Amino acid sequence: MACARVPLDEQQVTEPGPIGKERTLPALHPDRKEERYFVPYRPPPENGSPAEVEEFLEHAKFIAEDMEWLLALPHDKFWCQVVFDESLQKCLDSYLHQAPRGLDLATLPLSPAVADVQRAVHKAIFLTFLRMATHKESKDHFFTPAVFGEIIYDNFLFDIPKILDLCVLFGKGNSQLLHKMIENIFTQQPAYYNDLDETLPTVLQVFDTILDKCGLRCEGATAMEPMKLNAQKQPTAMSMNLEELGDIILYLCDSTTTIHAFLDIFPAACSSFHSHGFLSRLPPFYEAAVPDLEKAIKKRNFDDKSLQEDLWKRLSHSCRKIVETSHLLLHHTCLQPILEGQENMQTFAEELLQYFTSFLPEKRFLVDYDELFPIADDVSLLQQALPVIDETRTSYLLQGVESAWDSMGRQRPLGHIQSEGVS
Amino acid sequence: MSPPRLTGALRSFSNVSKKEDPVEQLYDLKTKRLKRQELFAREGLTWQKIVHFCSEHQDKAASQELKSLLQAAKQIVGADHGQEAIECAAVFLFETFHNKDHVGTEETRAIKQMFGPFPSSAAEASCACVARLVAPLGDSRVEDFIQTQSSRHSAQRGSSFGRNIAFSYDFYSLDPLEDLQESERVEQHF
């Protein structure tokens, strides 16, 4: 057992070596890890044979048992295992990669035995990550904060994809704990903000890829180039095969849910997303992709009506998540600083109005946004916080919103009209 | 196969994750079982201790049952294993069946997790042997013997991290803006 009241990264322990002779070594040392052989996680089989179910149960029970053992280890032994046992890292990674998300579970019938062991593994994996994100477990068991930051970063115990996976897998009912975990990770190791910045172009690329796959991307250099006469026509949502359409919608659904879960749990990341221009990219994407994909789901011939229903739900869910994400970004980067009375309120107000104005041409997005988060309410808040706001501008904006509703042939919910009337 | 995911794309196309070695060796179930057997063997309860405990208050009948238990263990673990592995398997069977009167699903699963597929007759035989061995000794004495000898029963009694944390099993679920039928009705209306 390592000695107390000294950070783990500075502790030394004396214990018998491989040939029985006592030796002193750092408390965090590869020789102190146990050979345990954590097996990688595999997801429950879909409509599996009894043999496949049995294999899943066996795998999952090994993991549940090993995680229980790991969580019961003293602080120093836990960290030796976490840092030096590659099989443990692979096991944790495999769970984040392969565990069914809530959105998958609706289509996955689980027997009680499978559901029980899956729940046990789910909880144990979360607790393991929670312990890994805790640099001070008690007054006797802690790390030097800077060293903790180095350990988790240099050993890839956490990285941006893992953090996103954690949010989407565990965020629904554990958002407060996850918020504390992620906040601590980013506080102790600010390099994660750089990693987030590095990752965001790839996140944006997801939306471009979807537009490309649907034959909807025509801006930029490619649109300027004349098309070869013998060039193959890009498939569209109507013409591509059904499996590909399904994959695009699943990808969109997963991406939008993951991004929203992350920003909802860790709003401090909103500024990174904001600086990468998400608010300029999401509405045009929505405007271009959503009507096309909706039309394809409605008009194409589905032998399996439940698949059609499922794809529609996933697309509609993605729409909600894009709108909610846009609102989160606007709220945390523009509106919140105004409501908190920060400096440069005028600049934030200007930016907010500019974003709302930029939404005006994206009528479908604007109407869906306004339905969930009435723009008139935000304008009213703005007018209360900053009475000097140009009224001509706000009137123009609100008229634009109204005309978007008219041009979409949709009726505004009654409450919205009333709230606009009051303002 | 898991569906396409954002984090999958990020792992493939960004530079912020550990790049996995393509020739990595993943532990399979066979390796895992061997490791579990090895760990079990270090838990303190040994064949010699069981032999001593059972023979102390019994006559030659115990010796016969112990031989039969070893024989059943040999069938479960496989004939190509050495005496040490067979004795270790016999210890496991003794611990598994000391308070059972038949081979249930849990016991079958526990044996399979430790040794892989096995002949059910060997499990039945070992269960019967253990029952005959412990019958004259009394349940509480056998229980005490196992509790005091095996480190597994005493070591992990301490507090486990997160024991008092309220964990939620809630999942994000689909939350569509509108139903397909609803959307079609609106379309027809206009």
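Remember, predicted model here, so these are calculated numbers, not experimental data. Here is how names work: the chains are called A, B, and so on, in the same order as the sequence lines, proteins then strands, and each is numbered from 1.
Heavy-atom pairs under 4.5 Å with chain B peak, among A/Asn194, A/Val203, A/Leu196, A/Thr134, at A/Val203. For the set A/Lys313, A/Gln98, A/Gln89, the count of heavy-atom pairs under 4.5 angstrom toward chain B peaks at A/Lys313. Chain B forms the most heavy-atom pairs under 4.5 Å with one residue out of A/His97, A/Glu198, A/Glu137, A/Glu55, and that residue is A/His97. Between chain B and the residues A/Ile259, A/Ile160, A/Thr199, A/Thr258, the most heavy-atom pairs under 4.5 angstrom are made by A/Thr199. The choice from A/Gly173, A/Ser318, A/Pro161 that makes the most heavy-atom pairs within less than 4.5 Å of chain B is A/Pro161. Heavy-atom pairs under 4.5 Å with chain A were tallied for B/Ser17, B/Gly162, B/Ala9; the largest tally goes to B/Ser17.
Counting heavy atoms of neighbouring residues, nucleotides and ligands inside a 6.0 Å radius, atom NZ of A/Lys77 exceeds 12 of them. Shown here is B/Asp139, whose CG atom has no more than 12 heavy atoms of other residues, nucleotides or ligands within 6.0 Å. No more than 12 heavy atoms of other residues, nucleotides or ligands shown are found within 6.0 angstrom of NZ on B/Lys74. The environment of NZ in A/Lys305 is crowded: more than 12 heavy-atom neighbours from other residues, nucleotides or ligands sit within 6.0 Å.
Of the two parts of A/Ala124, neither the backbone nor the side chain holds a non-hydrogen atom closer than 4.5 Å to a non-hydrogen atom of chain B. Residue contact with chain B, scored on non-hydrogen atoms closer than 4.5 Å, involves the backbone and the side chain of A/Lys162 alike. Neither the backbone nor the side chain of A/Ile248 comes within contact range of chain B; no heavy atoms are under 4.5 Å apart. Only the side chain of A/Cys253 comes within contact range of chain B, judged by heavy atoms closer than 4.5 Å. Of the atoms belonging to B/Ser173, it is backbone heavy atoms, and not side-chain ones, that fall under 4.5 Å from chain A. Using a 4.5 Å cut-off between heavy atoms, A/Ala99 touches chain B through its backbone atoms (N, CA, C, O) alone.
Taking 4.5 Å as the limit, some side-chain heavy atom of A/Phe62 sits within range of a side-chain heavy atom of B/Leu29. Taking the side chain as every heavy atom from C-beta outward, A/Phe78 and B/Phe161 never approach each other to under 4.5 Å. Inter-residue side-chain proximity for B/Pro3 and A/Asp104 is flagged as met; some heavy-atom pair is nearer than 4.5 Å. Looking at heavy atoms from C-beta onward, B/Ser14 lies out of side-chain contact with A/Asp195 at the 4.5 angstrom threshold. A heavy-atom distance below 4.5 Å is found between the side chains of A/Lys61 and B/Arg109. Residues B/Thr7 and A/Leu96 form no side-chain contact, since every pair of their non-hydrogen atoms from C-beta on lies 4.5 Å or further apart. A/Arg101 places none of its side-chain heavy atoms less than 4.5 Å from the side chain of B/Tyr172.
How far CG of B/Asp175 is from CZ of A/Arg320: 4.0 Å, rounded to the nearest 0.5 Å. In this structure, CD in A/Glu309 is found 5.0 Å from CG in B/Leu180, a value given to the nearest 0.5 Å. Put simply, CD on B/Glu178 and CD on A/Glu371 are 8.0 Å apart, with the number rounded to the nearest 0.5 Å. To the nearest 0.5 angstrom, B/Leu39 atom CG is 9.5 Å from A/Glu35 atom CD. Here A/Thr257 contributes atom OG1 and B/Leu6 contributes atom CG; the two are 10.0 Å apart, rounded to the nearest 0.5 Å. For the atom pair CD of B/Gln113 and NE2 of A/His59, the computed distance is 11.0 Å after rounding to the nearest 0.5 Å.
Using a 30° and 60° split on the angle between ring planes, A/His122 and B/Phe171 fall in the tilted class, from 30° to 60°.
In terms of the ring pair (Phe, Tyr, Trp, His ring centres under 6.0 Å) criterion, residue partners of A/Phe207 (sequence neighbours excluded) are, by chain and number, A/Phe285.
The ring-ring contact (aromatic ring centres under 6.0 Å, His included) contacts involving residues 117-137 of chain B comprise nothing, where partners must be two or more places apart or lie in separate chains.
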Does B/Lys32 form a side-chain contact (heavy atoms from CB on, under 4.5 Å) with A/Asp66? I'd like the steps, not just the answer. CA-CA 11 Å; B/Lys32 179 68 186 168; A/Asp66 283 344; 2.6 Å; yes
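For the residue pair B/Leu177 and A/Cys319, the shortest heavy atom distance occurs at CD1-CB, 3.6 Å. The minimum heavy-atom distance between A/Asp159 and B/Val16, with the atom names listed, is CB-O, 3.4 Å. Contact between B/Phe13 and A/Thr202 at its shortest, heavy atoms only, is CB-CG2, 3.8 Å.
With respect to B/Arg11 and A/Asp165, a salt bridge is recorded, a charged nitrogen being found less than 4.0 Å from a carboxylate O. One finds a salt bridge joining A/Glu58 and B/Arg33 here, because a Lys/Arg side-chain nitrogen approaches an Asp/Glu carboxylate oxygen to under 4.0 Å.
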